[in-house]
Number of protein chains: 2
Amino acid sequence: MKIGELAKLAQCSVETIRFYEKEGLLPTTERTLGNFRVYGPAHIERLRFIRNCRALDMSHEEIHTLLRLADQGGDGCSAINEVFDEHIAHVDTRIKELEQLKQQLAELRQHCQSNHNPCGILQGLADMEIPSKLDKKRTHLG
Amino acid sequence: MKIGELAKLAQCSVETIRFYEKEGLLPTTERTLGNFRVYGPAHIERLRFIRNCRALDMSHEEIHTLLRLADQGGDGCSAINEVFDEHIAHVDTRIKELEQLKQQLAELRQHCQSNHNPCGILQGLADMEIPSKLDKKRTHLG
DNA sequence: TACACACCCTGAAGTTACTATAGAGTCAAC
DNA sequence: GTTGACTCTATAGTAACTTCAGGGTGTGTA
């Protein structure tokens, strides 16, 4: 199988596959005489694994860790659970942040229902106290 | 006022201010004889406006639009509301995505409570159907 | 045989919103 | 005159790709 076919099977672009190879998420493959990459079933499985992790918003670093643990085989469950639990915590944190944000936005939005000058929203944006959020370090999620 | 003082007042780094200037969010300023940037009250207000927008996770593009509308003055309220409502929609979309994600993660997490081989989580990650989410275009919100 | 056309290759640059670093200049105080 | 805090520009790095330029491969058709 060539790269285009693999891309279709995994619902991603050809460029993404080449990028994953460069990143070390996918192994380098054999090549045809014409220097085309050749893939087999094992590659499909690994790529789908990666794409599923990405769909769950895991970072490449997290995926690397999981792949290493998967390649080791055996009793890596507690390490795997750790990666997973941390990731769930990231998602949770981000949801809470966004919900707070949404509330602030809704409040500001109240400031302007019709045309007037100066605009209440702009005024609100100028007058807001800078929230502490910008001080915190972010996770890899937005 | 020099750049360091402005940075303190707006709770951001000196580099960020120079970056905003290069991006066109902040206007270029006058300089001292020694080529140091000089700022006044108007700059504080504009920078705080920008930082507040960023705290609300607006993109530079959105902020640019708002600043243009603010600079025009007058009756831009409906355009402003449009930018705002779109942004609120982005936040809302992202929250819903993340909540769906969280549920998927929780389900996968169930697959593994203790050590076993092959690990249920890894198996689940390999077997998942690739969610449609990756097809969709993302907003600027991670 | 010639050519079109779909597919593949590499390497580099662009995206977003910064942060970090290098190497140099400014300025006030001691 | 020198220390130290501050400033300047320009460049590279971050994450996870996407896009582009400039080519090569392989197959089908005229």
Side-chain angles (χ1 to χ4, degrees), chain A residues 1-26 28-39 43 47 50-65 67 87 90 94 133-142, chain B residues 1-26 28-39 43 47 50-65 67 87 90 94 133-142:
Chain A
M1 181 180 13
K2 279 183 291 180
I3 199 168
E5 200 180 336
L6 179 61
K8 254 172 217 147
L9 286 174
Q11 299 174 47
C12 70
S13 75
V14 164
E15 290 78 20
T16 299
I17 295 174
R18 286 198 280 250
F19 175 68
Y20 287 168
E21 182 185 314
K22 203 160 47 181
E23 289 282 280
L25 288 173
L26 286 174
T28 57
T29 61
E30 303 200 353
R31 303 288 184 113
T32 64
L33 288 177
N35 199 30
F36 289 6
R37 287 171 182 83
V38 182
Y39 296 98
H43 296 102
L47 180 53
I50 296 168
R51 293 306 283 170
N52 283 335
C53 288
R54 288 293 303 136
L56 296 171
D57 268 352
M58 291 185 194
S59 69
H60 281 192
E61 200 185 337
E62 285 170 322
I63 299 171
H64 257 302
T65 304
L67 284 173
H87 182 64
H90 292 165
R94 185 59 178 149
K133 184 215 124 186
L134 281 174
D135 300 341
K136 292 179 216 151
K137 286 181 218 90
R138 317 293 301 276
T139 68
H140 66 275
L141 291 171
Chain B
M1 178 179 16
K2 279 182 293 180
I3 198 168
E5 200 180 337
L6 178 62
K8 254 173 220 146
L9 285 174
Q11 298 174 47
C12 71
S13 75
V14 164
E15 290 79 21
T16 298
I17 294 174
R18 287 197 281 249
F19 175 67
Y20 287 168
E21 182 185 315
K22 202 160 47 179
E23 289 283 280
L25 289 174
L26 286 174
T28 56
T29 60
E30 304 202 348
R31 303 287 185 115
T32 64
L33 289 177
N35 199 31
F36 289 6
R37 290 172 181 81
V38 183
Y39 296 98
H43 295 101
L47 180 53
I50 297 168
R51 293 306 282 171
N52 282 336
C53 288
R54 288 293 304 134
L56 295 170
D57 267 353
M58 292 185 193
S59 69
H60 281 191
E61 200 185 337
E62 287 170 321
I63 299 171
H64 257 301
T65 305
L67 283 172
H87 182 63
H90 291 164
R94 186 57 178 150
K133 183 216 124 185
L134 281 175
D135 300 342
K136 293 179 216 150
K137 287 181 218 92
R138 314 293 300 276
T139 69
H140 64 275
L141 293 170

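Residue numbers start from 1 in every chain, and the chains themselves are labelled A, B, ... in the order their sequence lines are given, proteins ahead of strands. Every value quoted in this text rests on a predicted model; they were computed, and no experiment measured them.
- Under the side-chain hydrogen bond (donor to acceptor under 3.5 Å, both in side chains) criterion, E61(A) pairs with no residue, sequence neighbours left out.
- Here the side chain of H90(B) pairs no donor or acceptor atom with the backbone of D57(B) at under 3.5 angstrom.
- The CE atom of M1(B) sits 16 Å away from the P atom of dC6(D) (whole-angstrom rounding).
- An OP1 or OP2 oxygen of dC18(C) is reached within less than 4.0 angstrom by a side-chain nitrogen or oxygen of R51(B).
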Any protein N or O atoms within reach of nucleotides 25-29 of chain C? Criterion: under 3.5 Å, listing atom names and distances.
from    : atom 1 : to     : atom 2 : distance (Å)
dC27(C) : OP1    : G34(B) : N      : 3.3

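- Under 4.0 angstrom from either OP1 or OP2 of dA17(C) there lies no side-chain N or O belonging to Y20(B).
- Atom NE2 in H90(A) sits roughly 14 Å away from atom C1' in dA15(D) (whole-Å rounding).
- Protein atom CG of L6(B) is 15 Å distant from nucleotide atom C1' of dC6(D), rounded to whole Å.
- The ring-ring contact (aromatic ring centres under 6.0 Å, His included) search around F36(B) returns none, not counting sequence neighbours.
- Relative to the axis of its first five pairs, the axis of the last five pairs of the helix from dT1(C)-dA30(D) to dC30(C)-dG1(D) sits at 40°, rounded to 10 degrees.
- When the side-chain nitrogen and oxygen atoms of R31(A) are compared with OP1 and OP2 of dG24(D), none of them lie within a distance under 4.0 Å.
- E61(A) places its CD atom 11 Å from the C1' atom of dA15(D), with the value rounded to the nearest Å.
- The side chain of R54(A) places no N or O atom within less than 4.0 Å of a non-bridging phosphate oxygen (OP1 or OP2) of dA15(D).
- Listed by chain and number, the residues in a side-chain hydrogen bond (donor to acceptor under 3.5 Å, both in side chains) with E5(B) amount to none (sequence neighbours excluded).
- In this entry the distance linking CD of E21(B) with C1' of dT9(D) reads 12 Å, nearest Å.
- Remark: H60(B) pairs with F19(B), Y20(B) by the ring-ring contact (aromatic ring centres under 6.0 Å, His included) rule, at least two apart or across chains.
- Here the side chains of N52(B) and L56(B) are not in contact, with every heavy-atom distance at 4.5 Å or above.
- Nearest heavy atom pair, residue C12(B) against residue R51(B), reads CB-NE, 3.5 Å.
- Counting to the nearest Å, the P atom of dC17(D) and the CE atom of M58(A) are 14 Å from each other.
- Annotation for V14(B) and G4(B): closest pair CG2-CA, 3.9 Å, computed over non-hydrogen atoms.
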Distances under 3.5 Å between protein N/O atoms and the N/O atoms of nucleotides 18-20 of chain D, please, pair by pair.
from    : atom 1 : to     : atom 2 : distance (Å)
dT18(D) : OP2    : S13(A) : OG     : 3.2
dT18(D) : OP2    : T16(A) : OG1    : 2.6

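- Atom CG in L25(A) sits about 10 Å away from atom C1' in dA16(D), given to the nearest Å.
- The interatomic distance linking D57(A) (CG) with dA16(D) (P) rounds to 10 Å, in whole Å.
- Listed by chain and residue number, R31(A), R37(A), Y39(A), H43(A) satisfy the side chain to side chain contact (heavy atoms under 4.5 Å, CB included) test with T29(A) (two or more places apart in sequence, or in another chain).
- Listed nucleotides: dA16(D), dT10(C), dC8(D). Nearest to the side chain of R37(B): dC8(D).
- For the atom pair NE2 of H64(A) and CD1 of I50(A), the computed distance is 8.5 Å after rounding to the nearest 0.5 Å.
- For H60(B) and dT15(C), the shortest distance from a side-chain N or O to OP1 or OP2 is not below 4.0 Å.
- Taking the side chain as every heavy atom from C-beta outward, L9(B) and L47(B) never approach each other to under 4.5 Å.
- From I63(A), atom CD1 reaches atom CG of L25(A) across 6.0 Å, with rounding to the nearest 0.5 Å.
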